[in-house]
There are 2 protein chains.
Amino acid sequence: MLNSVSSLDRTDITILRVLQADGRISNVELSDRVHLSPPATLARVRRLEQEGYISGYAAMLNREKLGHDNLALIEIALELHQHERIAEVLDRLVAMPEVLECYHVTGEYDYMIKVSTVNNRALDRFIATRLIPLPGIARIHTSIVLKVLKQTTQLDLPEP
Amino acid sequence: MLNSVSSLDRTDITILRVLQADGRISNVELSDRVHLSPPATLARVRRLEQEGYISGYAAMLNREKLGHDNLALIEIALELHQHERIAEVLDRLVAMPEVLECYHVTGEYDYMIKVSTVNNRALDRFIATRLIPLPGIARIHTSIVLKVLKQTTQLDLPEP
DNA sequence: GAGGGAGAGCGAAGAATATTCCGTTGCCGA
DNA sequence: TCGGCAACGGAATATTCTTCGCTCTCCCTC
């Protein structure tokens, strides 16, 4: 059951909206906002976690304050020969901590990754010593992020 | 003081690492992991929040379970005439709830946005009725995400 | 070398919260 | 109408949060 949004009622949606915006809110305050008792609210949150609607909670850190001055979007084209090794290459790629996101995409290139490093030199080192040496990399195209205008994980949920 | 990672000690870094992975962990358990008392741990977390190292906490939701079957990366080139209107256009762009991320990037296009919608039809509607009508849009290039191989917000922090 | 102030930590205690348990209610379907 | 089920609320207990005061250490100054 991939898409089971229909099994969620308005209260569930409200809970998800609140937790998307403040994942560390206390259960009593959450229960206030959704007009339920704390036990009923907690049971719903546990169910949403259990059923996989909530995959986890994360503290959002300030990249620049932590010394990550460089963000890059790198498109990657793979050679399709020996395609049985592609899975291995992708495993190694997503295991790299600098790689925050990796997407298989349509278009001229095959994959798009988002890479966060401390500076341009670290990005160069990442590309030259870790990315390029991967077997089967045909070519890459790097876009440097000059400015982050928006960055959120909050999905656009239907109105409650 | 943009980059003040040097003012963080190993315990701070450990706290950030733990909270990145589990933003809803109790302060008692967090204090266990960092080998400090709960009050001392709480004081550090409050300081990290206060000084902006932690910008917030968020529940990570399962896009597909919530009916978002479509993810797209859209490159946007702007017309540079009447550049005083660019800020307004960007404001309107980032205000759209379907737009999860927006970056000013180097390369052939000027901006890259990440858009999450329920399906291809909703994406088409977004592009046709909300994106294209923005003034000053020169051209766009859309890449559909076929598969998400990695998606994390966990920065690669220095070893404690 | 002695005094003293700042910073950070700890333990205890009261307040707040989380969690469990159980009784009640409302809503089907037999 | 009568169970049976699902969901909720209230009460009670367990756990956690948060404050407070004390101690220790590290410097800095005298």
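Numbers restart at 1 for each chain; the letters A, B, ... are given by sequence-line order, proteins then strands.
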Among the nucleotides C/dA18, C/dA12, C/dC21, whichever has the atom closest to the side chain of A/Pro39 is C/dC21

Minimum side-chain heavy-atom gap A/Leu73-A/Ile113 below 4.5 Å: no

If you look at every strand shown and take non-hydrogen atoms under 4.0 Å, does B/Ser37 touch a base, only sugar-phosphate, or nothing? base

Let me know the distance between CG of B/Leu30 and C1' of D/dT15, rounded to the nearest Å. 16 Å

Can you tell me how far P of C/dA8 sits from CG of B/Leu48, to the nearest Å? 12 Å

Please determine whether a side-chain nitrogen or oxygen atom of B/Arg46 lies at a distance below 4.0 Å from atom OP1 or OP2 of D/dT18. yes

Rounded to whole Å, CG of A/Asn27 lies from C1' of D/dT16 at a distance of 13 Å

Pick the closest DNA chain D nucleotide for A/Pro38 and for A/Arg24 by heavy atoms, then say which residue is nearer the 5' end. A/Pro38

Side-chain donor or acceptor of B/Arg24 paired with backbone N/O of A/Tyr57 under 3.5 Å: no

When the distance from CG of B/Leu42 to P of D/dT19 is rounded to whole Å, what number comes out? 8 Å

Is B/Arg44 close enough to C/dA8 that one of its side-chain N or O atoms is under 4.0 Å from OP1 or OP2 there? no

Side-chain (B/Arg63) to main-chain (B/Asn70) donor-acceptor, under 3.5 angstrom: yes

Atom-pair distance (CG on B/Asp32; P on D/dT16), nearest Å: 9 Å

How long is the line joining CD1 of A/Ile25 and C1' of C/dA18, in whole Å? 14 Å

Would you mind telling me which of D/dG9, C/dA18, D/dC17 lies closest to the side-chain atoms of A/Ala40? D/dG9

Salt bridge (Lys or Arg N to Asp or Glu O under 4.0 Å) with B/Glu101: which of A/Lys147, A/Lys150, A/Lys114? A/Lys114

I'd like to know if A/Glu98 pairs up with A/Arg130 as an ion pair, taking the criterion as any Lys NZ or Arg NE/NH1/NH2 lying under 4.0 Å from an Asp or Glu carboxylate oxygen. yes

Take the protein atom CZ of B/Arg10 and the nucleotide atom P of C/dG9, then report the distance between them rounded to whole Å. 15 Å

Give the rounded distance in Å between these two atoms: CG of A/Leu36 and C1' of C/dT17. 17 Å

